[in-house]
Amino acid sequence: MTVTGLPRNDVRQYDVLAGQWWLADGQFAMLHWLARARAALIPPATRPDAVLVDLGCGGGLLAPHVAGKGYRHVGLDLAESALRVAAPHGLAPVRADVARIPLADESADAVSAGEILEHVRDLSTVVAEACRILRPGGVLVLDTLARTAVARFVAVTVGERIPGGAPPGIHDPALFVDRRRLVAEAARHGVPLRLRGIRPSTVGMARWLAGRRDRPVRMIPTWSTAVIFQGRGVKQ
Ligand SMILES: C[S@@+](CC[C@H](N)C(=O)[O-])C[C@H]1O[C@@H](n2cnc3c(N)ncnc32)[C@H](O)[C@@H]1O
């Protein structure tokens, strides 16, 4: 059963959940924690007019974390409702499918793919598109869920039952990402990716689950990429 009554991974769920994006202790709480960790991988812009393209930007949670880095922040999403929420946070909103990005080749200095790859049906096309719009020397950063039994257990079986974990039905574990395939696809398009696992800090998560939700939970590196992982690579 999904929280919205819609099928798993149906993008219309984001319309139903549109009021949740900026609630720090709401249904998308963990996306706030992940946005902070993702932004830490995005270097400051190295030239005027640098562009950061945020694939599947949702409500724009990345915006405050990259605001001082010198980019024009362009957010792409299929959900109009999410773009409406995102726009006041300083992104230029573009309604588009990440499998068909309406931007020129090598037009982005940085591309962020935060919690989007596990939602797409054609991983190869989306990775190719992300790499296509990146200029040589530009950086691709991403975080997503691994295609493993443990990720399915943590993100769906458990995650959908704990506050801040994930809205029930938002994920279809059949779309979770094969790490080897992801790395191979990015390399094929000129972006050698390095992956690392991340997880919520134990103390932070314990506080959170105990109902002390006054501050975000820190996401920290971990040895295993089998659940949530980040990727970073520079286009050759
Ligand atoms: C889990 S949310 C992540 C949002 C944001 N990146 C973040 O981390 O806060 C996934 C977002 O991707 C969008 N999305 C899903 N499939 C998409 C597609 N094919 N093209 C563009 N956006 C898509 C959804 O509308 C939603 O806003």
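Atoms within a ligand are numbered from 1 in the order they appear, just like the ligands themselves. The first residue of the sequence shown is numbered 1, and numbering continues consecutively from there. Owing to the predicted nature of the structure, the values given are computational and were not obtained by experimental measurement.
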Fill in the blank from the handout: For atom 27 (O) of ligand 1, the closest protein heavy atom turns out to be Asp77 OD2, 2.7 Å
Problem - Nearest-neighbour protein heavy atom for atom 20 (N) of ligand 1, which is reported as residue plus atom name and distance - result: Val98 N, 3.0 Å
Practice task
Identify which one of Val139, Leu140, Asp143, Val141 satisfies the side chain to side chain contact (heavy atoms under 4.5 Å, CB included) criterion when paired with Leu41.
Solution key: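 So the option named by the test is Val141.
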Problem - Side chain to side chain, Asp54 and Leu76, heavy atoms closer than 4.5 Å - result: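 Result no, sub-4.5 Å side-chain heavy-atom pair not found.
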Problem - Within-4.5 Å side-chain heavy-atom neighbours: Met219 and Leu34 - result: yes
Less than 4.0 angstrom from a charged side-chain N to a carboxylate O is my criterion; do [X] and [Y] meet it?
X	Y	result
Asp178	Arg180	no
Asp49	Arg72	no
Glu160	Arg8	yes
Asp105	Arg132	yes
Arg95	Asp77	no

Handout entry: Polar contact flag for Ala82 and ligand 1 (N/O pairs, less than 3.5 Å)
Key =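 Checking ligand 1 against Ala82, no N or O pair falls under 3.5 Å apart.
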Exercise for the section: Return yes or no for this condition: an N or O of Glu115 is under 3.5 Å from an N or O of ligand 1. Expected result: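 Such a contact does not occur with ligand 1.
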Exercise for the section: Can you label the angle between the Trp33 ring and the Trp208 ring as parallel, tilted or perpendicular, going by 30° and 60°? Expected result: perpendicular
Mind checking whether [X] has a heavy atom under 4.0 Å from ligand 1?
X	result
Asp97	yes
Arg38	yes
Phe28	no

Part of [X] with heavy atoms under 4.0 Å of ligand 1, whether side chain, backbone, both or neither:
X	value
Ile116	side chain
Cys57	backbone
Trp33	neither

Problem - Heavy-atom neighbours of Arg152 CZ exceed 12 at 6.0 Å - result: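 Open.
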Would you mind running through ligand 1 and noting each atom that sits below 4.0 Å from a heavy atom of [X]?
X	result
Gly114	3 (C), 5 (C), 6 (N), 8 (O)
Gly58	4 (C), 27 (O)
Leu31	8 (O), 9 (O)
Leu61	9 (O)

Completion exercise
Among Leu78, Ile170, Val11, the residue with a heavy atom nearest to atom 22 (N) of ligand 1 is Leu78
Handout entry: Best match, Gly56, Ala166, Ala96, Ala113: closest heavy atom to atom 21 (C) of ligand 1
Key = Ala96
